[in-house]
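Everything on this sheet refers to the single structure shown next.
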Amino acid sequence: MTPPPPRPGRGGAPLPLLLPALAGLVFLVLPLVALLVRAPWRSMPDLLTSAEVWQALRLSLVCATAATAVSLVLGVPLAWLLARVEFRGRGLVRALVTLPLVLPPVVGGVALLMALGRNGVVGRWLDSWFGLTLPFTTTGVVIAEAFVAMPFLVISVEGTLRAADPRYEEAATTLGASRFTAFRRVTLPFIAPGVAAGAVLAWARALGEFGATITFAGNFPGRTQTMPLAVYLALQNDPEAAIALSLVLLAVSIAVLAGLRDRWMTAS
């Protein structure tokens with residue numbers, strides 16, 4: 001009987017690996033610790049309840065939630081298509097779907113302007129036919145956030161679908177259910193944890209979006225100024241308010257990681 005291979009990581013770390021590992025940890029953690037140290041804790045309640053900060057908080061939460069809803073409605077079917085349907089060019093489609101992950105957000109904002117601006121490829125027809133203008137509006141914030149956040153949901157849901165056994169869907173269709181009914185009644189409940197994880201990631205990404213939002217929607221208080229934009233503006237005039245808003249975003253990020261720890265952050 002062949003003995004099982006030894007589990008990695010049980011011995012002591014060699015010094016040439018330990019030192020750069022510790023340096024990398026300090027490099028990543030030190031700015032966050034500095035943010036906590038320099039936080040104006042005594043004035044935090046007043047800063048977070050001011051009218052300007054509350055406007056940015058409320059707008060960020062509403063827009064991030066709306067962008068996540070858009071991502072769910074469009075992204076889950078797209079993930080199912082990539083995971084379950086064989087078609088020519090699927091690899092190219094997958095690459096295009098994940099492109100916003102590596103595309104600089106400002107470039108994404110410019111691309112949205114070229115597509116949906118008043119003189120854009122599609123935006124000109126929306127303006128002339130329906131009188132609908134998307135840039136520099138709250139709807140534009142939602143679109144910009146959904147553009148950068150949806151790939152996170154698609155990747156998560158597609159991975160869950162690939163791990164799920166397709167024979168359950170096939171069994172449902174052989175019993176007379178349509179493909180859509182099989183997806184809705186069998187597959188969707190089965191992949192619900194993956195959908196939830198993707199939705200949380202998309203929401204967190206939408207909440208922290210900056211580049212595409214300021215390029216496509218602008219920075220108008222009460223209408224398009226979200227929390228990251230408010231941080232950028234406050235850093236020039238009121239650094240304490242910038243730190244307070246940054247701490248809120250940090251708390252959201254920690255909450256997202258805590259919510260996903262059972263899925264991604266455990267090791268066997």
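Numbering of residues begins at 1 and proceeds along the displayed sequence.
Under the rule for a salt bridge (charged side-chain N to carboxylate O under 4.0 Å, His left out), the partners of Asp127 that lie at least two apart in sequence or sit in another chain are Arg118. Val85 is linked by a side chain to side chain contact (heavy atoms under 4.5 Å, CB included) to Trp80, Leu81, Phe87, counting only residues two or more places apart in sequence or in another chain. Annotation: side-chain hydrogen bond (donor to acceptor under 3.5 Å, both in side chains) contacts of Ser43 (sequence neighbours excluded): none. Residues satisfying the side chain to side chain contact (heavy atoms under 4.5 Å, CB included) test with Leu113, not counting sequence neighbours, are Pro135, Thr215, Phe216. With sequence neighbours left out, the side-chain hydrogen bond (donor to acceptor under 3.5 Å, both in side chains) criterion links Gln225 to Asn219. Applying the salt bridge (charged side-chain N to carboxylate O under 4.0 Å, His left out) criterion to Arg90, with sequence neighbours excluded, gives Glu86. Residues passing the side-chain hydrogen bond (donor to acceptor under 3.5 Å, both in side chains) test with Arg223: none are found, sequence neighbours excluded. Checked against side chain to side chain contact (heavy atoms under 4.5 Å, CB included), Leu235 has the following partners two or more places apart in sequence or in another chain: Ala242. For the side chain to side chain contact (heavy atoms under 4.5 Å, CB included) test, no residue two or more places apart in sequence or in another chain qualifies with Ala111.
The salt bridge (charged side-chain N to carboxylate O under 4.0 Å, His left out) contacts involving residues 147-162 comprise Arg94-Glu158, Glu158-Arg162, where partners must be two or more places apart or lie in separate chains.
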side-chain contact (heavy atoms from CB on, under 4.5 Å) assessment of Val76 paired with Val154:
CA-CA 6 Å; Val76 173; Val154 173; over 6 Å; no

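In the displayed structure, Asn119 atom CG is contacted under 6.0 Å by at most 12 heavy atoms of other residues, nucleotides or ligands.
Through chains of ILVMFWY side-chain contacts below 4.5 Å, Ile214 is grouped with Phe210, Leu229, Tyr232.
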Donor-acceptor pairs under 3.5 angstrom involving side-chain atoms of residues 190-208: please list them, not counting sequence neighbours.
residue	atom	partner	partner atom	Å
Trp203	NE1	Thr65	OG1	3.3
Arg205	NH1	Glu209	OE1	3.2
Arg205	NH2	Glu209	OE1	3.2

